[in-house]
Protein chains: 2
Amino acid sequence: MRRDNLTDRTRHFERALENLKNKIQHYLQDTLFVIDKTMNALKTGEENVIREVEDFDDVMDETHRQIENACFDIITRFHPLAEDLRLVVTAMKLSSDLERIGDMCVNIAQSARHISRKLTGFVLEDIFEKMVNTTIGMLQGIVEAYFKMDTEQALEIWKRDDVVDDLYLLGREKLLEMAAKETNITRARILLEETFILRYFERIADHVTNIAEEIYYMKTGKDVKKLLRPSDS
Amino acid sequence: MRRDNLTDRTRHFERALENLKNKIQHYLQDTLFVIDKTMNALKTGEENVIREVEDFDDVMDETHRQIENACFDIITRFHPLAEDLRLVVTAMKLSSDLERIGDMCVNIAQSARHISRKLTGFVLEDIFEKMVNTTIGMLQGIVEAYFKMDTEQALEIWKRDDVVDDLYLLGREKLLEMAAKETNITRARILLEETFILRYFERIADHVTNIAEEIYYMKTGKDVKKLLRPSDS
């Protein structure tokens with residue numbers, strides 16, 4: 001009887017985890033959707049697209065709270081221990097990071113408002129594209145790594161952040177150089193606005209690396225930052 | 001007997017919470033310490049002060065993990081429910097935010113390296129001072145609000161973020177204007193570097209508002225952002 005109860009409990013727990021994973025999978029799709037919309041807002045500068053990004057943030061906030069509540073519910077009902085508990089808490093953190101990515105997208109889309117009135121298209125479109133594509137790949141990979149609890153994959157994605165950082169520094173350097181030389185103040189401001197947008201994208205990738213660090217720590221108890229970037233280097 | 005056990009358990013739980021609160025209190029002091037050091041690094045540009053900020057980040061990372069582990073331990077040993085569970089999880093989040101503030105400080109101190117070689121002192125020192133002092137007040141208040149579970153105080157601190165945002169926008173505006181007019185490329189770059197440093201400080205305040213949002217949500221189940229900044233405004 002007791003064994004049956006245990007099995008029942010395990011089954012319910014497994015099902016709750018499965019539901020949580022489904023929610024996270026949907027949340028990833030939402031995040032990819034809003035990044036795509038944001039790029040569209042930047043390219044077209046259309047007010048209605050910018051608004052869509054702003055409005056969608058409410059949906060993302062709501063989903064984040066739902067995932068968080070589902071995690072609380074699992075902890076309360078099943079009292080998971082050790083790795084199971086870390087799995088659930090990491091889901092909460094992952095969800096927080098996706099929610100913040102939604103916030104970044106709103107900031108980026110709103111920047112498009114300043115720029116679009118003055119300029120069509122991006123000065124550094126190629127760098128933006130590369131940064132965004134790399135970040136999207138990282139996002140998809142990191143959620144997969146979470147599902148599989150794959151520390152190797154998490155580590156590989158964590159390292160890919162360097163690609164985004166390099167693109168950011170390269171882009172920033174180019175834009176600042178152009179801005180410093182630019183004598184037309186309006187055009188200089190647009191170039192500087194672009195550096196801020198690049199910075200937001202770089203932060204989006206940072207959120208993905210946060211998730212990677214959490215997955216790595218959850219499984220190994222080790223800090224990936226210390227492993228690969230010793231403070232005395 | 002059962003009642004005694006319950007009382008024992010409650011007493012142990014209370015003591016574990018008290019220990020957690022002490023750890024958080026120390027972590028706040030560490031955070032204030034590193035912010036102070038960072039300001040010092042910016043003002044003096046001294047390499048040894050910049051290094052101290054960098055090195056202290058390891059201490060902050062370690063404390064963050066200790067607090068997180070203490071939270072896991074409390075959840076595992078006492079199975080706290082409802083508000084108690086949220087209290088513990090909010091401690092984890094608070095700790096994450098303080099840890100990220102430490103990261104921001106490293107970034108700021110490292111910026112000082114670029115600037116100090118070219119310039120002594122800050123172009124907009126008054127705005128920096130005001131931003132930092134406001135943020136320090138917010139930090140001290142928000143940890144107090146967490147300890148007292150005071151939603152009113154959390155709300156008041158949340159609103160103070162507008163002061164920091166206004167200072168940031170004002171400072172950024174001034175710096176960008178100067179940068180756009182500046183014909184000396186090195187000087188233009190320094191002005192732009194300062195906008196990035198302002199931005200980091202603004203993000204530090206954002207981390208404090210995150211904590212305020214969590215405290216508010218924990219007690220009321222309501223999202224303070226939706227309450228005060230409706231999406232259609």
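Atoms considered below: every heavy atom in the structure, side chains included; atoms not considered: hydrogens, waters and symmetry mates. Naming: A, B, ... by sequence-line order, numbering from 1 per chain.
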task: Against chain A, label B/R100 side chain, backbone, both or neither, depending on which of its atoms sit under 4.5 Å from a heavy atom there.
output: side chain
message: Only pairs of heavy atoms separated by less than 4.5 Å count here; which of A/T76, A/L85, A/L191, A/T195 has the most with chain B?
response: A/L85
statement: Of the listed A/E177, A/E62, A/M92, A/R172, the one with the largest count of heavy-atom pairs under 4.5 Å with chain B is A/R172
query: If you measure from CG on B/D223 to CG on A/D58, what distance do you get to the nearest 0.5 Å?
result: 9.0 Å
message: To the nearest 0.5 Å, what is the distance between CG on B/N69 and CZ on A/R86?
response: 5.0 Å
message: Need one label for A/D73: side chain, backbone, both or neither, based on atoms under 4.5 Å from any heavy atom in chain B.
response: neither
task: List the atom of A/E213, the atom of B/R65, and the distance in Å for their closest heavy-atom pair.
output: O-NH2, 4.4 Å
field: Portion of A/L192 that has a non-hydrogen atom of chain B nearer than 4.5 angstrom
entry: side chain
task: Pick one of side chain, backbone, both or neither for B/D84, based on which atoms fall under 4.5 Å of a heavy atom in chain A.
output: neither
message: With a sphere of 6.0 Å drawn around NZ of B/K174, does it hold more than 12 non-hydrogen atoms of other residues, nucleotides or ligands?
response: no
- prompt: Looking at A/F196, is B/R199 sitting on its ring face, NZ or CZ under 6.0 Å from the six-membered ring centre and within 45 degrees of the normal?
  reply: no
